[in-house]
Participant: 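Quick one: the structure is below, questions incoming.
Numbered from 1 within each chain, the chains take letters A, B, ... in sequence-line order. Note that the coordinates shown come from a computational prediction; the quantities given were computed from them, not determined experimentally.
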Protein chains: 2
Amino acid sequence: MSQSHDEIFRTLADPTRRAIFERLCRDGDQTVGALTAQAGISQPAVSKHLAILKRAGLVRDRHQGRQTHYSAELGALSPLIDWTSQMTGFWQSRFNQLEDLLKRMDQ
Amino acid sequence: MSQSHDEIFRTLADPTRRAIFERLCRDGDQTVGALTAQAGISQPAVSKHLAILKRAGLVRDRHQGRQTHYSAELGALSPLIDWTSQMTGFWQSRFNQLEDLLKRMDQ
DNA sequence: TTAATTCATAACCGATAAGCTATGGGTTAC
DNA sequence: GTAACCCATAGCTTATCGGTTATGAATTAA
């Protein structure tokens, strides 16, 4: 059903991962070292988070010499946006149904 | 920083919990029994999920006799929507900065 | 009053996940 | 060539989490 939803939600559920992603959105391209410097955890932990973010399509990596640059992939947020508008949309549709019902009762 | 973000993301990260929330959005008010019938897990598990959803503000409960009705609280999705637009907004701002830079270089 | 129903809580178990250290592969500097 | 640097992977430990069964509290039905 919502396989892509699942991975995105699970990936963004971790605060450290969200912080990394937010950093990439705010400041653009960053190396692993730069991300580690502010993450407050070890470099391997950061690499692991980046691998998970990459697997979810939320980031891209670009190898340049011995360092790897990561950047946010905003398109991957679409399922999230779609999901929320679908949820609110469901409500709208139920609301409209109620409206129609009231309108019919009024006549 | 993102305390409310954290709880919402963590809460919606579980597929069972999302399914329950989606059901409430689609079909409106539901009793625990009705939700259990389609959840594929035990009633205590459903109650536990509902407690977590409630703690996150995503659902409201209404006691009626010996049964409890739950309904979706769509307003609780605002932080999620705000977060995503903030992320894309960061990109826009950086894009505009780049645009400005290019414009300045052009002159 | 007694029995049945509906839901919540408690106690426990297995799996998952996030952190660490150690290590290795690849690249640049000396 | 050797050393230093950057990053990824492996292996391990611990904590969290989602599920279960058992039980209790509250309400309705008989």
Participant: Would you sort out whether A:His49 and A:Leu35 count as a side-chain contact (heavy atoms from CB on, under 4.5 Å), showing the intermediate values?
Facilitator: CA-CA 11 Å; A:His49 283 304; A:Leu35 293 172; over 6 Å; no
Participant: Taking only the side-chain nitrogens and oxygens of B:Arg66, find out if one of them lies under 4.0 Å from OP1 or OP2 of C:dA8.
Facilitator: no
Participant: Please say whether more than 12 non-hydrogen atoms of neighbouring residues, nucleotides or ligands are located less than 6.0 Å from CZ in A:Arg62.
Facilitator: yes
Participant: Using whole Å, what does the distance between atom P of nucleotide C:dA8 and atom CG of B:Asp61 come to?
Facilitator: 7 Å
Participant: Between A:Thr16 and C:dG19, does any side-chain N or O lie under 4.0 Å from OP1 or OP2?
Facilitator: yes
Participant: Measure from CG on A:Asp14 to C1' on C:dG19 and round the result to the nearest Å.
Facilitator: 10 Å
Participant: CD1 of A:Ile52 versus P of C:dT16: gap in Å, rounded?
Facilitator: 14 Å
Participant: Rounded off to whole Å, could you give me the NZ-to-P distance for the B:Lys54 and C:dC7 pair?
Facilitator: 14 Å
Participant: Could you tell me the separation between the NZ atom of A:Lys48 and the C1' atom of C:dA22, rounded to a whole number of Å?
Facilitator: 14 Å
Participant: Under the ring pair (Phe, Tyr, Trp, His ring centres under 6.0 Å) rule, collect the residues that match up with A:Phe9, sequence neighbours excluded.
Facilitator: A:Trp83
Participant: It should be established whether A:Arg17 places a side-chain nitrogen or oxygen under 4.0 Å from OP1 or OP2 of nucleotide C:dA18.
Facilitator: yes
Participant: What is the separation between atom CZ on A:Phe9 and atom C1' on C:dA17, rounded to the nearest whole Å?
Facilitator: 19 Å
Participant: Contact class for B:Thr36 vs. all strands (heavy atom < 4.0 Å): base, sugar-phosphate, or nothing?
Facilitator: nothing
Participant: Given D:dC6, is OP1 or OP2 found less than 4.0 Å from the side-chain N or O atoms of A:Tyr70?
Facilitator: no
Participant: Does B:Arg23, at its CZ atom, have more than 12 non-hydrogen atoms belonging to other residues, nucleotides or ligands within less than 6.0 Å?
Facilitator: yes
Participant: Taking the nucleotide of DNA chain C with the closest heavy atom to each, which residue, A:Ile41 or B:Gly33, is nearer the 5' end?
Facilitator: B:Gly33
Participant: Between B:Gln43 (CD) and D:dA25 (P), how many Å, whole number?
Facilitator: 16 Å
Participant: Mind checking A:His49 for me? I need base, sugar-phosphate or nothing, with any heavy atom below 4.0 Å counting as a touch.
Facilitator: sugar-phosphate
Participant: Can you find a pair of side-chain heavy atoms, one from B:Leu12 and one from B:Leu58, that are under 4.5 Å apart?
Facilitator: yes
Participant: Nearest heavy atom decides the nucleotide; on that basis, is A:Ser42 or A:Gly65 closer to the 5' end of DNA chain C?
Facilitator: A:Ser42
Participant: Using a 4.0 Å heavy-atom cut-off, does B:Thr68 contact any base of the nucleic acid, only the sugar-phosphate backbone, or nothing at all?
Facilitator: sugar-phosphate
Participant: Send over the distance from B:His69 NE2 to D:dT27 P, rounded to a whole Å.
Facilitator: 14 Å
Participant: What is the nucleic acid contact for A:Gln67, judged by heavy atoms within less than 4.0 Å: base, sugar-phosphate only, or nothing?
Facilitator: sugar-phosphate
Participant: Which part of the nucleic acid does A:Ala45 contact within heavy-atom distance under 4.0 Å: base, sugar-phosphate only, or nothing?
Facilitator: sugar-phosphate
